[in-house]
Amino acid sequence: MNDVKRTPDVDVVVVGAGFAGLYLLHRFREMGLAALAFERGGDVGGTWYWNRYPGARCDVQSIDYSYSWDTELDDQWEWSERYATQPEILRYLGFVADKHDLRRDVRFSTGVDGAVWNDDTSLWEVRTDDGATTTCRYYVMATGCLSVMKDPDLAGVADFAGDVYYTGRWPHDDVDFTGKRVGVIGTGSSAIQSIPIIASQAADLTVFQRTPNFSLPAYNGPVRPDDAAQINADRTGYREAARWSSGGVPREIPVDSALAVSEDVRRARYEGAWQEGTIFSMMGSFNDIMVNAEANATAAEFVRDKIRAAVDDPATAELLCPTTYPLGTKRLCLDTNYYTTFNEPHVHLVDLHANPISSITPTGIDVVSDDGATSYEFDAIVMATGFDAMTGAIVAVDIEGRDGAELRERWVDGPRTYLGLMSAGFPNMFMVTGPQSPSVLSNMAVSIEQHVDWICDTIEHLRASGHTVIEPTSTAEDGWVQHANDFADITLFPEANSWYMGANVPGKARVVLPYLGGVDRYRRICDEVVERDFLGFEIGGANGAEVNDGVICRVQPDVSIMLEMMEEMALPPLDSMSPVDARAFSEAMSAASPPGPEVGEVLDGTLPGADGNDLAYRLYRPATPGPHPIVVYFHGGGWVIGNATSDDPLCRDLCDQSGSIIISVDYRHAPEARFPAAPDDGFAATTWVAQHAEELGGLSGGLAVAGWSAGANIAAVVAQRARDEGGPTITGQLLLNPVTDGDLTRASYVENADGYILTRALMAWFWDHYADPDQRSDPQASPLRASNLADLPPAMIVTSEFDPLRDEGEAYAQALAAAGVDVHHLRARGQIHTSIPAVGALLSGAGTRSEMAQALRGFSGAGVPA
Ligand code: FAD
Ligand code: NAP
């Protein structure tokens with residue numbers, strides 16, 4: 001017991017001495033901590049130490065892809081080109097290492113094989129391949145996102161009699177392909193950079209392509225004067241702007257959709273992006289390239305046209321055109337003369353989809369062909385087959401955390417991290433640019449510095465507060481994994497079999513690996529975690545541990561973005577307006593919203609309301625042959641605002657997805673017509689529609705009611721009245737965020753009183769315009785108060801997590817179920833009161849909308865579509 005060594009050999013072990021490891025060593029030294037780095041390579045440089053293949057260079061401009069922590073470097077180092085070559089970047093990192101005397105803290109040519117957390121000592125025991133063990137308090141994996149090569153998974157490689165080169169482990173001596181027959185396998189960034197240069201040397205070059213990539217011209221050359229002027233005008237400001245940009249490079253963010261402009265405008269924008277020669281330009285040319293397949297297709301086709309223009313042979317050009325995934329969902333490439341290389345007579349392209357490789361042979365490569373096999377003979381083969389990205393280097397180490405938990409096992413279904421920085425069960429272990437952080441989707445120099453700063457500042461905080469151990473909670477980790485996946489789900493990234501998705505490595509879990517929310521948002525989140533007293537962490541030491549459990553980012557990502565935009569617009573609250581102004585305001589907002597899907601037919605008409613006056617209705621008919629089931633729908637708007645137009649996108653969506661006729665009926669608005677005008681109109685309209693079902697093209701014998709918010713309140717009341725007044729027959733009720741009670745004191749009113757568009761104050765304003773206080777307990781105003789809830793039609797009740805009305809909707813669901821009604825309740829995670837109806841604008845509500853449509857199909861007995 002007593003000989004347990006509680007004093008570590010060093011304060012920190014760092015694994016890796018690339019961009020990240022070097023900056024970590026510098027910061028730890030500044031903090032007065034003893035840090036030791038282990039590096040498998042023979043020198044500093046990481047990526048730039050290993051990837052020495054011909055043509056290797058950065059694809060983020062060197063003025064951006066460089067350190068900002070040492071401001072002297074801007075004067076001491078001048079980049080010779082926009083995109084520096086590998087030797088120049090390696091020299092730069094060597095220069096930084098020399099300048100700060102960092103090599104003395106690195107043990108080179110030493111790999112870390114294992115790391116075990118010792119709960120007794122609260123230390124990590126780090127095992128290296130020289131047989132030694134080093135103990136440390138903090139263990140930092142600066143092992144790189146693209147540092148472990150993927151096994152090319154090809155039979156016979158060892159039999160090849162010629163030379164085999166791997167781009168990610170290129171020899172240090174010059175490789176000369178002059179006069180040789182060379183085969184290159186792969187067409188990712190490494191291949192695309194090296195192929196033109198290998199072609200310029202080789203006697204014959206054959207490229208084996210499985211999936212073509214989108215590549216843009218780098219237009220490399222001296223740093224462009226405009227770019228230099230921009231950075232030199234205010235270097236500090238420029239670096240700060242990079243930290244708060246979405247990709248780690250300052251640039252304007254477009255606000256318009258590719259589909260909202262003319263073909264000419266779109267092509268002009270793409271041509272500008274093409275000429276810019278950066279990887280960010282094309283994806284960032286409109287605001288929806290990475291979220292809308294149709295928008296993306298316009299950019300993809302522009303690039304394909306460029307490929308067709310560059311390559312002489314039309315068949316080769318078509319083979320080089322990517323068609324199976326959206327642009328940008330596989331890492332875009334930047335090239336110099338890639339496509340035109342295929343115009344040279346000694347350069348050939350083999351399509352591995354048509355002719356897969358069967359094996360590497362002693363003389364070359366055999367592919368399957370129509371007549372059995374075709375053999376290609378080579379003197380050298382280049383494997384440009386990529387990496388086990390983002391998780392490969394982390395799970396390559398045997399990491400054992402608390403209670404013997406093995407990280408590799410924990411991550412078998414995909415990585416689990418909090419902020420991409422730490423993992424629950426692995427105290428004091430940090431990852432630089434770990435999975436679920438922006439990392440590879442950004443200028444890595446910026447993301448690495450942010451992570452190093454966060455890690456070092458956190459360790460500083462621990463020391464200052466007398467703590468020694470930090471670990472994320474599993475709640476926080478689950479929440480972050482969910483948030484990262486939610487972000488991915490509203491983008492096109494999951495559509496590609498890319499290394500971003502882990503899809504390039506057979507057997508690897510297919511989950512999105514980088515965080516898609518952008519560098520700026522991510523930095524804000526990391527800062528917020530700290531400001532909220534390390535939300536989601538357990539922090540402890542000799543005097544015990546404190547847990548600050550919780551989840552950061554609970555609102556759906558697109559809803560969050562919308563809320564931020566609205567906050568920036570500083571719109572006046574509706575409850576500060578007159579009802580007339582509030583209606584005009586709401587109409588202007590509706591006019592600016594994206595339309596819903598096309599339906600077979602939309603008709604406007606009138607029907608008699610409860611007081612004999614005409615009520616407008618809008619009928620949405622599916623494109624499929626009728627007759628169709630009918631749903632009478634009531635719009636939202638607190639009985640004061642709204643109309644068929646405000647809820648038009650949702651009605652279209654419900655019509656399209658459920659195959660029902662949706663009849664969106666108006667009802668008299670308060671305060672001009674107060675309670676009970678709205679439910680009276682609702683009941684009259686439903687009765688009229690039931691009587692005219694066949695004329696309207698619908699099925700007779702029953703209809704469903706539906707509504708959102710106050711409209712759902714009316715739908716619920718109509719269902720009760722139809723039961724009590726002998727018809728019409730209501731087959732089901734779909735209630736989205738319903739008002740069911742005039743009690744504004746429930747917990748959801750307190751938790752979500754403000755900040756989620758429908759505020760407590762606005763709801764009070766609606767009620768005041770609608771009903772006197774003594775009327776609010778009437779079941780026709782508050783259907784939850786009905787003395788009898790039995791024998792009501794089946795219900796689907798959707799509530800939103802961040803809605804003041806959430807709890808009364810849930811109370812109604814429970815009360816209906818208790819009364820024996822068939823109820824399906826869905827609480828929409830991360831949604832707010834107004835987000836589910838925002839068809840076209842907010843993608844995260846799509847799943848809930850599908851379930852709602854499915855419920856409508858169920859009410860009509862149509863079931864789930866085949
Ligand atoms: P790395 O540079 O990968 O360094 C990690 C080091 O850890 C490696 O040297 C490795 O040997 C060592 N290591 C790993 N595991 C162990 C272990 N168990 N024991 C001991 N040592 C270990 N990003 C950009 O932003 N812009 C670009 O232009 C760009 N170009 C790139 C070009 C290429 C060819 C590649 C492959 C990547 C490129 N990247 C680019 C991404 C690049 O990886 C990062 O920009 C950055 O270099 C990563 O630095 P790092 O220190 O985090 O990791
Ligand atoms: P990559 O993008 O993963 O490309 C690997 C290529 O090899 C793909 O074309 C892949 O085809 C193919 N491939 C893999 N296994 C194969 C097999 N068994 N048979 C046939 N083909 C096979 O890897 P990379 O080119 O090394 O680039 C990885 C990342 O590193 C880049 O995306 C980028 O982030 C970074 N990088 C940057 C630069 C730069 O310009 N600065 C340069 C190089 C690398 P499939 O697509 O069909 O899987």
Side-chain angles (χ1 to χ4, degrees), residues 14-24 37-41 43-53 55-62 64-65 83-84 86 89 93 107-115 128-129 141-154 166-168 184-194 208-213 215 218 247-249 279 322 324-325 330-335 352-353 356-357 383-387 389 392-394 396-397 432-433 439-448 451-452 496-500 503-506:
V14 171
V15 193
F19 258 97
L22 292 179
Y23 181 37
L24 280 163
F38 294 109
E39 167 56 62
R40 189 164 274 134
D43 198 355
V44 298
T47 290
W48 305 102
Y49 172 87
W50 297 108
N51 291 266
R52 298 167 186 246
Y53 59 84
R57 36 174 101 241
C58 52
D59 58 6
V60 171
Q61 290 197 71
S62 294
D64 297 300
Y65 184 59
Y83 297 103
Q86 172 271 328
I89 302 171
L93 291 170
R107 196 122 352 123
F108 291 109
S109 306
T110 309
V112 170
D113 289 341
T128 40
D129 57 9
M141 301 286 281
T143 42
C145 293
L146 297 158
S147 56
V148 168
M149 289 190 313
K150 176 188 102 87
D151 180 351
D153 217 14
L154 294 166
Y166 292 84
T167 52
V184 174
I185 301 179
T187 48
S189 299
S190 302
I192 280 177
Q193 285 186 328
S194 56
F208 293 84
Q209 170 184 277
R210 196 161 62 184
T211 316
N213 259 292
S215 186
V249 174
I279 44 166
T324 53
Y325 58 94
K330 269 177 177 256
R331 170 85 172 194
L332 281 179
C333 305
L334 271 196
D335 73 89
L352 295 182
H353 274 299
I357 294 176
M383 300 283 186
T385 40
F387 299 89
I394 299 174
V397 178
V432 180
T433 62
S439 58
V440 292
L441 285 176
S442 66
N443 170 3
M444 291 282 277
V446 169
S447 288
I448 285 170
H451 264 195
V452 170
N497 285 324
S498 64
W499 60 259
Y500 292 147
N504 64 328
V505 177

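Excluded from the calculations below are hydrogen atoms, water molecules and symmetry mates; all remaining heavy atoms, backbone and side chain alike, are included. Order of listing sets the numbers, starting from 1, for every ligand and every atom in it.
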Looking at ligand 1, does any of its N/O atoms fall within less than 3.5 Å of an N/O of [X]?
X    : result
C145 : no
A393 : no
R57  : no
Y65  : yes
V15  : no
D59  : yes
R331 : no
F19  : yes
A20  : yes

Do K330 and Y325 form a cation-pi contact, if we require the NZ or CZ to be under 6.0 Å from the six-membered ring centre and within 45 degrees of the ring's axis?
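Yes, K330 sits over the ring of Y325.
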Which bit of [X] gets closer than 4.0 Å to ligand 1, counting heavy atoms only: side chain, backbone, both or neither?
X    : value
I448 : side chain
S189 : neither
Y23  : neither

Protein heavy atom at shortest distance from [atom]:
atom                    : answer
atom 53 (O) of ligand 1 : G144 CA, 3.1 Å
atom 4 (O) of ligand 1  : G46 CA, 3.4 Å
atom 18 (N) of ligand 1 : V112 O, 3.0 Å

Considering only heavy atoms of [X], which atoms of ligand 1 have at least one such atom less than 4.0 Å away?
X    : value
S147 : 3 (O)
W50  : 8 (C), 9 (O), 10 (C), 11 (O)
F38  : 20 (C), 21 (N)
Y53  : 34 (C)
V60  : 26 (N), 28 (O)
F387 : 36 (C)
T143 : 5 (C), 7 (O), 14 (C), 15 (N), 16 (C)
N443 : 25 (O)

Before signing off on this row, confirm whether [X] and ligand 2 have an N or O atom pair separated by under 3.5 Å.
X    : result
N213 : no
S190 : yes
K150 : yes
D59  : yes
R57  : yes
L352 : no

Is a side-chain donor or acceptor of [X] paired with a backbone partner of [Y] at a separation under 3.5 angstrom?
X    : Y    : answer
N213 : S215 : no
R52  : G168 : no
S62  : A84  : yes

Quick check for you: to the nearest 0.5 Å, what is the distance between M444 atom CE and T47 atom OG1?
7.0 Å
Within this structure, what is the CZ-CG distance for the pair F19 and L93, rounded to the nearest 0.5 Å?
4.5 Å
For ligand 2, does [X] get within less than 4.0 Å through its side chain, its backbone, both, or neither, judged by non-hydrogen atoms?
X    : answer
V440 : neither
C58  : backbone
S498 : neither
P152 : backbone
Y166 : neither

Per-atom contacts of ligand 2 with [X], taking only distances under 4.0 Å to non-hydrogen atoms:
X    : value
G186 : 6 (C), 7 (O), 9 (O), 12 (C)
Y53  : 42 (C), 43 (C)
S189 : 25 (O), 31 (C), 32 (O), 33 (C), 36 (N), 37 (C), 38 (C), 42 (C), 43 (C), 44 (C)
G188 : 2 (O), 4 (O), 6 (C), 9 (O), 25 (O)
K330 : 45 (P), 46 (O)
G386 : 3 (O), 5 (C), 23 (O), 26 (O)

Can you find a non-hydrogen atom of [X] under 4.0 Å from ligand 1?
X    : value
S442 : yes
Y83  : no
V397 : yes
T110 : yes

Atom 12 (C) of ligand 1: which of R40, E39, H451 has the nearest heavy atom?
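Nearest option to atom 12 (C) of ligand 1, by heavy atoms: E39.
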Nearest heavy atom to atom 3 (O) of ligand 2: which of F208, W499, Y325, Y83 does it belong to?
W499
